[in-house]
Amino acid sequence: MAVSRTTVLIGAFLSVLTNGIDSQREERFIYGAFPPDFMWGVATSAYQIEGAWNEDGKGPSIWDTFTHTPGRTLNGDNGDFACDSYHKIHDDVEMIARLGVQFYRFSISWPRLLPDGTLYHINEMGIAYYNALINALLSHGIQPMVTLYHWDLPQALQNIGGWYNESLVEYFNDYARLCFHRFGDRVRYWVTFNEPSSVSWLGYGIGIFAPGLEEPGTGPYKATHTIIKAHVRAYYTYQREFKPGQRGMVGISVDSDWKEPASDSHVDREAAERAILFKLGWFADPIYGASGDYPDVMKEYIGKKSHAQGLEYSRLPSFTEEDKMQNRGAADFFGLNHYTSQIVSHHENKPHSPDYGHDQDVQNIHDPNWKNSTLDWLKVVPWGMRKLLRWIKARYGDVPVYITESGVSDFGRLADRDRVDYFRMYINNVLQAIHEDGCNVKGFTAWALMDNFEWTSGYSQKFGLFHVDFTDPDRRRTPRDSAIYYAKIVHQNGYMKMLREFKKKCERIYQKEKEI
Ligand SMILES: *[C@@H]1O[C@H](CO)[C@@H](O)[C@H](O)[C@H]1NC(C)=O
Ligand SMILES: *[C@@H]1O[C@H](CO)[C@@H](O)[C@H](O)[C@H]1NC(C)=O
């Protein structure tokens with residue numbers, strides 16, 4: 001899929017004409033290359049692709065339980081079979097190799113390795129699957145980037161309270177140590193948790209994700225507190241026991257929308273800042289910030305509201321001084337998942353029942369002019385990517401940032417013009433953030449390698465660079481236009497203006513060298 005230079009220029013020109021009034025919101029496009037060591041990748045997660053939900057000794061996860069409960073997902077879809085990746089290492093690796101990317105981000109299913117979540121029983125067949133996958137990747141020169149927790153908690157650990165129970169810090173640490181021990185000789189990039197705010201809010205706040213609990217005023221804060229501690233504990237386990245020999249990096253992947261103030265007023269600008277801090281800062285401030293603690297504005301608002309609700313203590317748990325010292329700096333890189341943006345205004349909530357959403361005193365809306373996708377929450381706002389990267393730099397400094405997910409859903413045609421446009425413009429805003437704002441972005445990961453089980457939306461939403469035929473028992477994979485386009489960006493390491501002339505020049509230089 002070649003997007004001609006003319007198309008690009010006309011597109012940029014038109015967007016200036018239509019959005020030119022508000023210079024902050026126009027779409028800019030620049031040519032240029034990413035730094036030579038920039039890393040390109042593509043991502044999936046275990047529950048969304050593996051299938052084989054009860055094969056070879058795997059234990060049940062909370063997502064098995066959740067999807068097997070009627071009414072939880074669209075059409076009752078589940079991940080029992082999914083893309084059958086458990087049996088398709090060869091097909092998966094071949095697809096990844098075709099993209100030419102330097103790394104593949106996948107997740108390990110905790111209950112596939114530890115069926116009841118603990119070291120009581122180690123499932124060697126699960127270990128063998130990930131060993132085979134990692135080895136196949138490396139034989140194609142593709143680095144594994146491994147996520148330890150992409151939401152599929154062993155059901156046995158939910159039975160003792162899930163992330164409400166602080167003993168999960170130890171269980172997670174045991175599991176992480178096992179992974180470092182068995183795979184770490186070949187894995188240099190580790191992500192402890194994927195989008196922990198989705199776990200806390202969607203799983204423990206509004207209950208639309210497993211484990212399906214609806215405790216919006218307390219659940220998210222309690223679950224998050226344990227998750228941060230679990231991340232930090234596993235980080236130090238790696239530092240102490242594995243880093244000297246394995247020399248890898250450990251980070252966490254937080255997700256955030258960009259929050260654009262609805263107006264220039266002081267209250268709206270503060271509201272937008274508050275919304276980002278409640279979403280991204282909730283996890284990132286303790287780990288990447290100077291205080292090792294939750295953002296002040298969260299402590300203030302949740303404390304104030306808890307008091308008004310007649311509670312003796314804030315619903316936001318607090319870290320001890322020792323916790324804060326440990327939290328601070330407990331990551332080697334910053335993983336960022338970013339998809340979309342919102343317009344935020346100040347909105348003071350009347351006294352209400354406890355709720356993480358209400359605690360923020362903000363209202364989030366979408367600009368009706370933003371381009372849609374097939375998911376309500378996912379509007380296409382490329383400039384939000386750049387602004388969010390700038391925000392991260394301003395708040396957390398020059399920590400290396402890996403964009404660990406970004407992508408868009410559609411109904412699944414092979415000629416996926418909208419996904420091509422999404423990647424063209426979002427990745428371009430990453431380039432602008434690097435070149436024009438000095439952001440220390442080290443890598444980009446497209447979500448997703450192939451269509452897969454999209455949680456409550458089941459198989460109705462397609463995010464794949466590769467199409468998967470879910471009616472075919474063989475789950476045949478076919479590249480979309482976006483796969484070809486992404487491969488081109490990866491190959492050029494950016495956007496080249498005069499590719500043909502450049503190639504000719506290279507050939508001439510190469511020819512001369514041969515003559516000498
Ligand atoms: C937390 O887990 C421990 C096991 O480590 C268990 O003994 C305890 O009962 C659990 N707490 C709750 C509230 O379920
Ligand atoms: C998105 O917007 C276009 C143009 O307004 C419309 O034709 C299309 O049906 C919309 N798609 C969805 C999924 O809402």
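For the numbers below, each heavy atom of this structure counts, side chains included, while hydrogens, waters and symmetry mates do not. Quantities reported herein were computed from a predicted structural model and do not represent experimental measurements.
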Just say parallel, tilted or perpendicular for the rings of [X] and [Y], cut-offs at 30° and 60°.
X: H338; Y: Y426; answer: tilted
X: Y47; Y: F453; answer: perpendicular
X: W377; Y: Y339; answer: perpendicular
X: F103; Y: Y402; answer: perpendicular
X: F29; Y: Y31; answer: perpendicular
X: F172; Y: Y175; answer: perpendicular
X: F180; Y: W190; answer: perpendicular
X: W163; Y: W110; answer: tilted
X: F38; Y: W40; answer: perpendicular
X: Y130; Y: F183; answer: perpendicular

Exercise: do [X] and [Y] side chains pair donor with acceptor under 3.5 Å:
X: E195; Y: S198; result: yes
X: D376; Y: H366; result: no
X: S197; Y: D255; result: yes
X: T224; Y: S200; result: yes
X: T374; Y: S409; result: yes
X: R186; Y: N131; result: yes

Just by modelled atom types, is the [Y] backbone N or O under 3.5 Å from a matching donor or acceptor in the [X] side chain?
X: S253; Y: L336; value: no
X: D332; Y: G251; value: no
X: Y189; Y: T147; value: no
X: D416; Y: G412; value: no
X: R72; Y: A210; value: no
X: Q432; Y: R28; value: yes
X: N337; Y: E405; value: yes
X: H467; Y: R476; value: no
X: R480; Y: R413; value: yes
X: H181; Y: R177; value: no

Would you please test Y149 and T192 for side chain to side chain contact (heavy atoms under 4.5 Å, CB included) and show each step?
CA-CA 6 Å; Y149 189 78; T192 53; over 6 Å; no
Of W53, F106, Y129, the one forming a ring pair (Phe, Tyr, Trp, His ring centres under 6.0 Å) with Y86 is Y129
Does F283 form a ring-ring contact (aromatic ring centres under 6.0 Å, His included) with F193? I'd like the steps, not just the answer.
CA-CA 11 Å; F283 296 88; F193 288 86; 9.0 Å; no
Decide, yes or no, whether a salt bridge links [X] with [Y] under the criterion of side-chain N to carboxylate O below 4.0 Å.
X: R419; Y: D410; result: yes
X: R475; Y: D469; result: no
X: K371; Y: E27; result: no
X: K88; Y: E94; result: no
X: D37; Y: K442; result: yes

Do [X] and [Y] touch side chain to side chain, with heavy atoms closer than 4.5 Å?
X: W151; Y: F66; result: no
X: E55; Y: E50; result: no
X: F34; Y: V430; result: yes
X: D64; Y: Q155; result: no

Determine, step by step, whether I49 and D92 satisfy the side chain to side chain contact (heavy atoms under 4.5 Å, CB included) criterion, reporting the C-alpha distance in whole Å, the side-chain angles of both residues, the deciding distance to 0.1 Å, and the verdict.
CA-CA 10 Å; I49 64 162; D92 287 1; 4.3 Å; yes
Would a line drawn from the ring center of F423 to the ring center of Y485 be shorter than 6.0 Å?
no
Using 0.5 Å steps for rounding, measure from the OG1 atom of T65 to the CG atom of N159.
7.5 Å
For E124, which of K58, R182, R112 qualifies under salt bridge (Lys or Arg N to Asp or Glu O under 4.0 Å)?
R182
